[in-house]
Amino acid sequence: MTTGRMHTRHELSAAALALFAEFGHESTTVDQIAARAGVARRTFFRYFASKDDAVLPDHDTTVGTVQAVLEGAAPTEEPLAVVCRAIREVLRMYTADPSMSLARYRLLRQVPALREREIAVVSRYERLFTKYLLSHPSVSGVDPDSTTAMLAEVSASAVVASHNHVLRRWLRTGATGDAMSRLDEALAVIRRRFSPSADDEAPGDIVVTVVPGGTHTSDVLDAVRRALD
């Protein structure tokens with residue numbers, strides 16, 4: 001999108017948010033939004049299909065950016081690490097304009113229909129991540145009912161949930177603080193829980209089993225199993 005189009009789109013969104021705050025969501029019309037932004041009604045519809053679309057951030061563009069991150073990753077790269085890198089682009093979209101994000105957050109808290117709409121839009125990222133993880137060479141071809149497939153879906157959900165948690169906390173504190181660092185900390189926890197390679201990098205507890213010398217191999221194995229249980 002060119003700089004001029006981005007500016008007009010931003011002005012329309014800002015106008016919509018301002019008018020919704022002043023007169024309410026239901027009372028505000030597309031004509032009022034266009035007039036506040038200094039453009040014609042037909043210009044509004046070149047950018048948004050409805051006044052509700054003007055409220056939401058640029059998810060369509062960000063979905064494309066996320067898709068590019070996933071498609072551009074090397075097949076040998078740990079897949080969950082790629083997903084974690086991609087979700088950072090979503091948070092970057094929100095933090096690029098804190099005042100707009102904060103105004104949008106306040107509006108969505110007042111209008112349940114808009115809040116539900118954004119939730120539905122955000123779910124697109126989860127579907128993208130699940131599809132990527134399930135199609136990765138390390139998982140592709142596994143039984144859809146297998147534990148591996150289940151973990152791929154659960155980890156994709158966990159990544160999106162961690163993003164949403166960090167985003168909400170950032171907005172509730174007035175869009176202040178380093179949200180990206182908080183997200184990175186949350187994603188590190190997710191990787192430790194769901195990524196095999198992360199587990200290798202951060203091993204768990206070491207179990208020591210002591211048996212008398214000369215113990216038969218089968219008895220040693222039994223002792224180890226009992227210690228691990």
Going from [atom1] on [X] to [atom2] on [Y], what distance comes out if it is rounded to the nearest 0.5 angstrom?
X	Y	atom1	atom2	answer
Arg168	His165	CZ	NE2	7.5 Å
Asn164	Glu118	CG	CD	9.0 Å
Gln67	Leu70	CD	CG	6.0 Å
Glu89	Thr61	CD	OG1	12.0 Å
Arg191	Cys84	CZ	SG	6.5 Å
Tyr47	Ile33	OH	CD1	15.0 Å

Just by modelled atom types, is the [Y] backbone N or O under 3.5 Å from a matching donor or acceptor in the [X] side chain?
X	Y	value
Ser13	Ala54	yes
His136	Pro75	yes
Ser27	Gly24	no

Heavy-atom check, side chain of [X] versus side chain of [Y], under 4.5 Å:
X	Y	answer
Ser101	Thr95	no
Arg117	Val55	no
Lys51	Thr29	no
Asp97	Ser99	yes
Val69	Val83	no
Ile87	Phe129	yes
Arg104	Leu114	no

Open item on the list: Is it the case that over 12 heavy atoms from other parts of the model lie below 6.0 angstrom from the CZ atom of Arg115?
Closed with: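 Enclosed: over 12 neighbouring heavy atoms sit under 6.0 Å from CZ of Arg115.
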
Open item on the list: Tell me whether the count of non-hydrogen atoms from other residues, nucleotides or ligands lying under 6.0 Å of CZ in Arg109 goes above 12.
Closed with: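 Count not over threshold, so no.
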
Task: Derivation of the side chain to side chain contact (heavy atoms under 4.5 Å, CB included) call for Asp58 and Arg9 - done: CA-CA 9 Å; Asp58 291 328; Arg9 186 180 181 87; 2.5 Å; yes

Task: Full working for side chain to side chain contact (heavy atoms under 4.5 Å, CB included) between His10 and Arg5 - done: CA-CA 8 Å; His10 180 276; Arg5 286 183 58 80; over 6 Å; no

Open item on the list: With side-chain hydrogen bond (donor to acceptor under 3.5 Å, both in side chains) as the criterion, how do Ser157 and Glu126 come out once you've worked through the C-alpha distance, each side chain's angles and the decisive distance to 0.1 Å?
Closed with: CA-CA 6 Å; Ser157 298; Glu126 185 173 332; 2.6 Å; yes

Open item on the list: Please evaluate residues Leu167 and Tyr105 with respect to the criterion side chain to side chain contact (heavy atoms under 4.5 Å, CB included), reporting the C-alpha separation (whole Å), side-chain torsions for both, the decisive distance (0.1 Å), and the verdict.
Closed with: CA-CA 10 Å; Leu167 176 62; Tyr105 171 69; over 6 Å; no

Task: Mutual orientation of the aromatic rings belonging to Tyr94 and His163 [parallel < 30°, tilted 30-60°, perpendicular > 60°] - done: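 Aromatic pair Tyr94/His163 classed tilted.
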
TODO: Look at the rings of Phe48 and Phe44 and say which category their plane angle falls in: under 30° parallel, 30 to 60° tilted, over 60° perpendicular.
DONE: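 Ring orientation, 0 to 90° scale: tilted.
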
Can you name the nearest heavy-atom pair linking [X] to [Y], along with the distance?
X	Y	answer
Ala179	Val166	O-CG1, 3.5 Å
Val39	Thr8	CG1-CG2, 4.3 Å
Ala37	Leu12	CB-CD2, 3.6 Å
Pro112	Gln110	CD-O, 3.4 Å
Leu19	Thr28	O-OG1, 3.4 Å
Leu187	Ser162	CD2-OG, 3.4 Å

[Y]/[X] salt bridge by N-O under 4.0 Å criterion:
X	Y	result
Asp60	Arg124	yes
Arg85	Glu77	yes
Arg36	Glu11	no
Glu185	Arg182	no

Open item on the list: Would Arg106 and Leu17 count as a side chain to side chain contact (heavy atoms under 4.5 Å, CB included) here? Give the steps.
Closed with: CA-CA 10 Å; Arg106 290 167 177 161; Leu17 287 169; over 6 Å; no

Under a single-linkage definition using a 4.5 Å side-chain heavy-atom cutoff for Ile, Leu, Val, Met, Phe, Trp and Tyr, are [X] and [Y] assigned to the same hydrophobic cluster?
X	Y	answer
Val111	Phe23	yes
Trp170	Ile119	no
Tyr125	Leu56	no
Leu102	Met93	yes
Val82	Val189	no

TODO: May I ask you to check whether Ser123 and Arg127 show a side-chain donor-acceptor distance below 3.5 Å?
DONE: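 Yes, a side-chain donor-acceptor pair sits under 3.5 Å.
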
